[in-house]
Participant: 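Here it is: the structure, laid out below.
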Number of protein chains: 2
Amino acid sequence: MPSLLIRNVRPLGASPVDLLVRDGRIAETGAALSAPSDAAVEEGAGALLLPGLVEGHTHLDKTLWGMDWYRNEVGASLVDKIENERAFRHASGHDAAAQSLVLAKAFLALGTTRLRTHVDVDTQAGLRHLEGTLRTRQALRDVQQIQVVAFPQSGLLGRPGTAELLDQALAQGADLLGGLDPCAIDVDPVRSLDVLFGIADRHQRPLDIHLHEPGAMGAFSLDLILQRTEALGMQGKVAISHGFCLGDVGERERDALLARMARLGVVLITSAPPSRSVPPLMACRKAGVTVLGGNDGIRDTWSPYGNPDMLERAMLIGMRYNLRRDDEIDVALDTVTHAGARGCGFEAYGLEAGCRADLVLVDAQTPAQAVVSRPVRKLVVAGGRVVARNGVLQADVASL
Amino acid sequence: MPSLLIRNVRPLGASPVDLLVRDGRIAETGAALSAPSDAAVEEGAGALLLPGLVEGHTHLDKTLWGMDWYRNEVGASLVDKIENERAFRHASGHDAAAQSLVLAKAFLALGTTRLRTHVDVDTQAGLRHLEGTLRTRQALRDVQQIQVVAFPQSGLLGRPGTAELLDQALAQGADLLGGLDPCAIDVDPVRSLDVLFGIADRHQRPLDIHLHEPGAMGAFSLDLILQRTEALGMQGKVAISHGFCLGDVGERERDALLARMARLGVVLITSAPPSRSVPPLMACRKAGVTVLGGNDGIRDTWSPYGNPDMLERAMLIGMRYNLRRDDEIDVALDTVTHAGARGCGFEAYGLEAGCRADLVLVDAQTPAQAVVSRPVRKLVVAGGRVVARNGVLQADVASL
């Protein structure tokens, strides 16, 4: 791979530097670097330089992105949505391989170089969505790091055979095991979590558990999860997605839970929905809990909202937590950059020498302005390779 | 003004029609209309047709839109923000005339043909912001209807002379009188509201009152406002902006307040902030209270968020109220279209024959898709005149 010299960029708004990429990594940053003879040169023209954006929680396999508009007429309950989706996919022949590829590429064009996606595993679809999403992971492996979570969207206990499918999913290459509401969906929290942690332990894989349960019920489930994290030595290997309950319970109970999460290295992943309670971002960070941002589903049968622009997600997170000062908006951006990478365990992340060269150039004076105005991505570099200009993928990437 | 024939557009997603504009009004819609000899013809190509968008609550005079990024380092309280802004404007020479014009034009380019703006009137700036904003209203009068609210941002009672300034503001051409938190800011709710309603009554102008006060305090102020609305015969002439308290109080108290509001024709205007309690949209509508959407401030010293795209505001309103079904998202759009116009009292609004020809064409299959995807405005027509194409103002409008 040829070297790449990017001139005159401002890392996270700092003073202008040149940045040299060699073998897919950042080799050096500094003033007026000289270009190696084999280097391609890109003129940054004073653009703001961000590290590649990180999507911490989405569902590539569900999306209808790029398809005809889906008229949503589904009922209000969680079970309505789960059943509607399963029926729609069965009837429509929705193709998880094709759709996950379309959306992953759209993420890449907008600067997201690492993402974690939950993939439905259930007794109706079997491992079809997993196989489709693994094909996307493979197709994009040089330009986008995708973590695949085998996710029991229809519950773990309710449909016999699901646990075995999850077991197979991990054997076939899923990176993590997913979970879902052990009280509200599985209605047997101890058995649900024992089965779930059992599978994770057997495969020595991390867990990422959807916990929508509100208030005391959610806090109860969270306590059970933290107990098992400790007992099985899974410190640093468990993520809670959503965790709405942490926005419901009293401050004393919440802080006790956050202290345990911090001690066990359990991270929180939020889409910061404006219509629900959310974990208190600043209190989580103060307690030492890493908080990541994500879209959740994007234009699917659940919801038409969400899109592959992680700067927009950072903006929505900023608005949800009423982050108005520049230093506060930097925190919103952190949830989809450094904290996102740290929480997912993506390695060699950042703008320092030695990091993987995942880079995004935008016209903005400061990171806060980039979040609020979501400017065109002038240049996206992934693994040292120019993959998109002005929001459009390069032809060789678009054809992957 | 020449006639205009727009071919092949789908009004709010209905079947394709042609639409004939004559003398600035919609003359006729129907299949395969023939073009009058003087008519310009625009090919809609099956685009979705929306009526001109309506901004129900913004602050054109405060905005830093298009200026260098403002680094926000202000404190958290309302008074911090008010004083910071007054000091910034005094020190920076921020020009309300120039800035209101920049932002109003940006609104127009994105399809907003009617808007209501609150303009600061205080003893430091006097009527300077008002005069600047009235110049913008005048400059754009043929293409954008702007309602100007004379707004005591620094309080009505605290700085002697403010009431007299508001009086002058109405005499000089402000369309409405504004108010602000009679308990929390003026700390003398009865006297504050008596003075305010007195001015409105003397000038026979409508009122639009910022009510940020939460919970019981806000409900108390709202009750005082409703009493005076009735006593002074101001039915149909009072708007409550924000009204956070309606999201705080119990259902019984809330419904009693909503029933009184509906009876008195008092409307609600919301930006649907995700970090605060908000009036319950569906309950308000069910009670017969008109709810309008607005940005509130846009990129100013208060907050960097907000922008002149009212489809984005509709999306944020949809997300805030968890509106996912297509028929629900139509309600979000209504807050920035028909309900917006009705609540502000903008006349001749809509897509029927006889309405002012304020039209927006976008590529979307349905109104819900337009809200969620916020597509490029292919064509914006205001008062029968093409004012923007693909998000860019026509030269003759840009130079106004």
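In the text below, chain A, chain B and the rest are named by the order of the sequence lines, each starting its count at 1. Basis for what follows: all heavy atoms, side chains included, without hydrogens, waters or symmetry-related copies.
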Participant: At a 4.5 Å cut-off on heavy atoms, which part of B:L323 comes close to chain A: side chain, backbone, both, or neither?
Facilitator: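 B:L323 touches chain A through backbone and side-chain heavy atoms alike.
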
Participant: Please classify the contact between A:R276 and chain B as side chain, backbone, both or neither, with a heavy-atom cut-off of under 4.5 Å.
Facilitator: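 Looking at A:R276, nothing touches chain B.
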
Participant: Yes or no on side chain to side chain contact (heavy atoms under 4.5 Å, CB included) for B:Y70 and B:R299, after CA distance, side-chain angles and deciding distance?
Facilitator: CA-CA 8 Å; B:Y70 171 74; B:R299 199 161 305 175; over 6 Å; no

Participant: Does any heavy atom of chain B fall under 4.5 Å from the side chain of A:V372, the backbone, both, or neither of them?
Facilitator: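 Contact with chain B: backbone and side chain both.
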
Participant: Which bit of B:N322 comes within less than 4.5 Å of chain A, counting heavy atoms only: side chain, backbone, both or neither?
Facilitator: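 Interface part for B:N322: both.
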
Participant: Report the C-alpha separation of A:T366 and B:R71 in whole Å, then their side-chain angles, then the decisive distance to 0.1 Å, and conclude whether the side chain to side chain donor-acceptor pair (under 3.5 Å) test is met.
Facilitator: CA-CA 9 Å; A:T366 67; B:R71 184 175 293 274; 5.5 Å; no

Participant: Any side-chain to backbone donor/acceptor pair from B:E85 onto B:T301? Under 3.5 Å, distance only.
Facilitator: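 Looks like no, no N/O pair under 3.5 Å.
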
Participant: With the side chain counted from C-beta on, respond yes when B:L361 and B:R377 share a heavy-atom pair under 4.5 Å apart, and no when they do not.
Facilitator: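 Not in contact.
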
Participant: Checking heavy atoms, do the side chain of A:Q365, its backbone, both or neither come under 4.5 Å from chain B?
Facilitator: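 Only the side chain of A:Q365 comes within 4.5 Å of chain B.
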
Participant: Determine, stepwise, if the pair A:I298 / A:F107 fulfils side chain to side chain contact (heavy atoms under 4.5 Å, CB included).
Facilitator: CA-CA 11 Å; A:I298 294 179; A:F107 266 113; 3.5 Å; yes

Participant: Quick check for you: among B:Y305, B:Y321, B:W302, which has the greatest number of heavy-atom pairs under 4.5 Å with chain A?
Facilitator: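 If we count pairs closer than 4.5 Å to chain A, B:Y305 comes out on top.
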
Participant: Could you tell me whether a side-chain N or O of B:T58 sits under 3.5 Å from a main-chain N or O of B:D296, the two making a donor and an acceptor?
Facilitator: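 Indeed, once roles are kept as given, a pair shorter than 3.5 Å links the two residues.
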
Participant: Of all of A:S373, A:P304, A:A364, which one pairs up most often with chain B through heavy atoms under 4.5 Å apart?
Facilitator: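 Result: the option with the highest number of such pairs is A:P304.
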
